[in-house]
Number of protein chains: 2
Amino acid sequence: MSGFDPETLKGVAAECPGFQARATARAVTRYYNACFKPLGLTAEQFSLLVGIGAVEGTTLVDLANSAGVDPTTLSRNLQNLEGQLLVHSKGGRGRLGKQIGLTISGRKLVVDALPLWNLAKAELSNRLGKEKLRSASKLMAELAEAAKTSRI
Amino acid sequence: MSGFDPETLKGVAAECPGFQARATARAVTRYYNACFKPLGLTAEQFSLLVGIGAVEGTTLVDLANSAGVDPTTLSRNLQNLEGQLLVHSKGGRGRLGKQIGLTISGRKLVVDALPLWNLAKAELSNRLGKEKLRSASKLMAELAEAAKTSRI
DNA sequence: CTCCTAATAATGCATATACACTATTATCCG
DNA sequence: CGGATAATAGTGTATATGCATTATTAGGAG
């Protein structure tokens, strides 16, 4: 038991950036999931569709990098979206990569989702304050970058 | 296609707090996962063990609330930790709830993990800056709270 | 032109996440 | 005391996540 102290652990829970980042992502994702639910879309699926629609002819690797998600995770998430006919792809294994794009249905769904996304963001902004929301986003981006370049 | 515009979508991706929160959680969690890997522990498991060890006789519901995680998620994550004999529990279904605590092995593992956690946090702090790391944690906590109380 | 290599995608496995639902039980009220 | 109720735990199902590994292929070296 040497070194075990509940008081110390209370401090650890309170100051762990990893814990806080996950807790925040869970809370915010739950909120957006609920917002997109009428469209049968999850928050992550919305983000992927937006990422795909934003860059004509993007590839799996490019999208994985810009979303900060593992390519193997993205591979499966894309399979799901392709199964729903929201995304089309060309190519696959091999050095040229897999080019992906939105289908007509995918574009339509994104267009339908945008108003919900705007409402959701506006409500968050009201609760937290516009400036704080902006700061939070900026700091989260910097924290993510720091984590990507950190090793011990 | 009316309303579909890639330029608009670039803006959406850049200003979505949900996307940013998830990307950050992924990056930070990957980092901590790598740090705890020598102990066969994930970042989330570490957080749970800390949360359990911090409060004597805590319950599943209490822990779920303090971690901001769904009770059904926690139920399964605890099953995993119990299977590894890191956590013991008493009670179950019913109004008294399930009391959980760390086993001797669980306490030992937390004690062993604390130095790694400190190193990992120190490295993040060096990269991002102590003040920014603190601000990020605080703002993420406020954002999570805002998301929990938001509805559209 | 052929072989090698490096970049890429996909799969196996495990954990994490949550909603909808079911099962259990202490407590409260009559 | 006995049934209703509310709080709690667990299960079914689905998505999300990533590491280790395998499969594929374009491009370069010879």
Side-chain angles (χ1 to χ4, degrees), chain A residues 18-19 21-38 40-48 58-65 67-84 86 89-100 147-148, chain B residues 18-19 21-38 40-48 58-65 67-84 86 89-100 147-148:
Chain A
F19 169 77
R22 278 193 304 281
T24 301
R26 284 191 293 253
V28 178
T29 299
R30 267 198 298 257
Y31 170 62
Y32 276 96
N33 279 343
C35 295
F36 290 127
K37 185 152 196 182
L41 204 59
T42 68
E44 181 61 17
Q45 288 165 358
F46 171 76
S47 292
L48 289 183
T58 189
T59 66
L60 192 153
V61 163
D62 288 344
L63 189 57
N65 287 335
V69 68
D70 191 90
T72 68
T73 297
L74 186 55
S75 176
R76 280 182 242 245
N77 290 351
L78 284 178
Q79 285 169 20
N80 189 344
L81 295 175
E82 280 198 69
Q84 296 180 55
L86 300 171
S89 67
K90 194 168 62 171
R93 282 169 159 151
R95 214 159 177 171
L96 290 189
K98 184 178 195 173
Q99 283 174 21
I100 50 190
K148 281 178 194 168
Chain B
F19 170 77
R22 277 192 305 281
T24 301
R26 284 191 293 255
V28 178
T29 298
R30 267 200 298 258
Y31 170 62
Y32 276 97
N33 280 343
C35 294
F36 290 129
K37 186 152 195 183
L41 206 57
T42 68
E44 181 60 19
Q45 289 166 357
F46 172 76
S47 292
L48 289 183
T58 189
T59 66
L60 191 153
V61 163
D62 288 344
L63 189 58
N65 286 336
V69 67
D70 192 272
T72 68
T73 297
L74 186 55
S75 178
R76 280 181 242 247
N77 289 351
L78 283 178
Q79 284 168 20
N80 189 345
L81 295 175
E82 280 197 70
Q84 296 181 55
L86 300 172
S89 67
K90 195 169 62 173
R93 280 169 160 151
R95 215 160 177 174
L96 291 188
K98 184 179 194 170
Q99 284 174 19
I100 49 189
K148 281 178 195 171

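Residue numbers start from 1 in every chain, and the chains themselves are labelled A, B, ... in the order their sequence lines are given, proteins ahead of strands. Please read these numbers as outputs of a predicted model, since none were measured by experiment.
Straight-line distance from the CD atom of B/Glu82 to the P atom of C/dT15: 15 Å, rounded to whole Å. Atom CG in A/Leu78 sits about 9 Å away from atom P in C/dA9, given to the nearest Å. Distance CG (B/Asp70) to C1' (C/dT17): 8 Å, rounded to an integer number of Å. Atom CZ of B/Phe46 and atom C1' of C/dA16 are 18 Å apart (whole Å). Distance CZ (A/Phe36) to P (C/dA18): 17 Å, rounded to an integer number of Å.
Residue contacts for A/Asn33: at a heavy-atom cut-off of 4.0 Å it reaches no nucleic acid atom on any strand shown. Among the protein residues, A/Thr42 comes within range of the sugar-phosphate backbone only, with heavy atoms under 4.0 Å from sugar or phosphate atoms but none that close to a base.
For A/Ser75, a side-chain nitrogen or oxygen approaches OP1 or OP2 of C/dA10 to under 4.0 Å. When the side-chain nitrogen and oxygen atoms of A/Gln79 are compared with OP1 and OP2 of C/dT11, one or more of them lie within a distance under 4.0 Å.
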Per-pair distances, 0.1 Å, donor-acceptor, side chain in residues 89-98 of chain A, under 3.5 Å, sequence neighbours excluded:
residue : atom : partner : partner atom : Å
A/Ser89 : OG   : A/Glu82 : OE1          : 3.1
A/Ser89 : OG   : A/Glu82 : OE2          : 3.2
A/Lys98 : NZ   : A/Glu82 : OE2          : 3.4

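With sequence neighbours excluded, the residues that form a side chain to side chain donor-acceptor pair (under 3.5 Å) with B/Asn80 are B/Gln84. Listed by chain and residue number, B/Arg22 satisfy the side chain to side chain donor-acceptor pair (under 3.5 Å) test with A/Thr29 (two or more places apart in sequence, or in another chain).
Taking a 4.0 Å limit (strictly below) on heavy-atom distances, residues 22-31 of chain B does not reach DNA chain C anywhere.
Protein chain A contacts DNA chain D from D/dT15 to D/dG27, reading 5' to 3' and using non-hydrogen atoms of the protein with a distance under 4.0 Å.
Taking each heavy atom of B/Ala43 and B/Tyr32 in turn, the nearest pair found is CB-CB, 3.7 Å. Taking each heavy atom of A/Ala21 and B/Ala25 in turn, the nearest pair found is O-CB, 3.6 Å. Of all the heavy atoms in B/Leu41 and B/Phe36, the pair that sits closest is O-CB, 3.2 Å. In terms of heavy-atom proximity, B/Thr58 sits nearest to B/Asp62 at OG1-CB, 3.5 Å. Here the closest heavy-atom approach between residue A/Phe19 and residue B/Ala67 is recorded as CZ-CA, 3.7 Å. Considering every non-hydrogen atom in both A/Arg26 and B/Gly68, the closest pair reads NE-O, 3.3 Å.
Nearest-nucleotide positions on DNA chain C place A/Thr59 closer to the 5' end than the other of B/Glu44 and A/Thr59. For the pair A/Arg76 and B/Lys98, nearest-nucleotide mapping onto DNA chain D gives the more 5' position to B/Lys98.
The side chain of B/Gln45 approaches C/dT15 more closely than any other nucleotide in the set C/dC19, C/dA10, C/dT15. Side-chain atoms of B/Asn77 lie closest to C/dT17 of the nucleotides C/dC19, C/dT15, C/dT17.
Atom CD of A/Gln45 and atom CG of A/Leu78 lie 11.0 Å apart (nearest 0.5 Å). Atom-to-atom distance recorded for B/Lys148:NZ and A/Thr24:OG1 is 8.5 Å, nearest 0.5 angstrom.
B/Leu48 pairs with exactly one of B/Leu86, B/Val69, B/Leu74 by the side-chain contact (heavy atoms from CB on, under 4.5 Å) rule, that one being B/Leu74.
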Per-nucleotide protein contact along nucleotides 22-30 of chain C, 5' to 3', at a 4.0 Å heavy-atom cut-off (B base, S sugar-phosphate only, - neither), is -BBSBB---
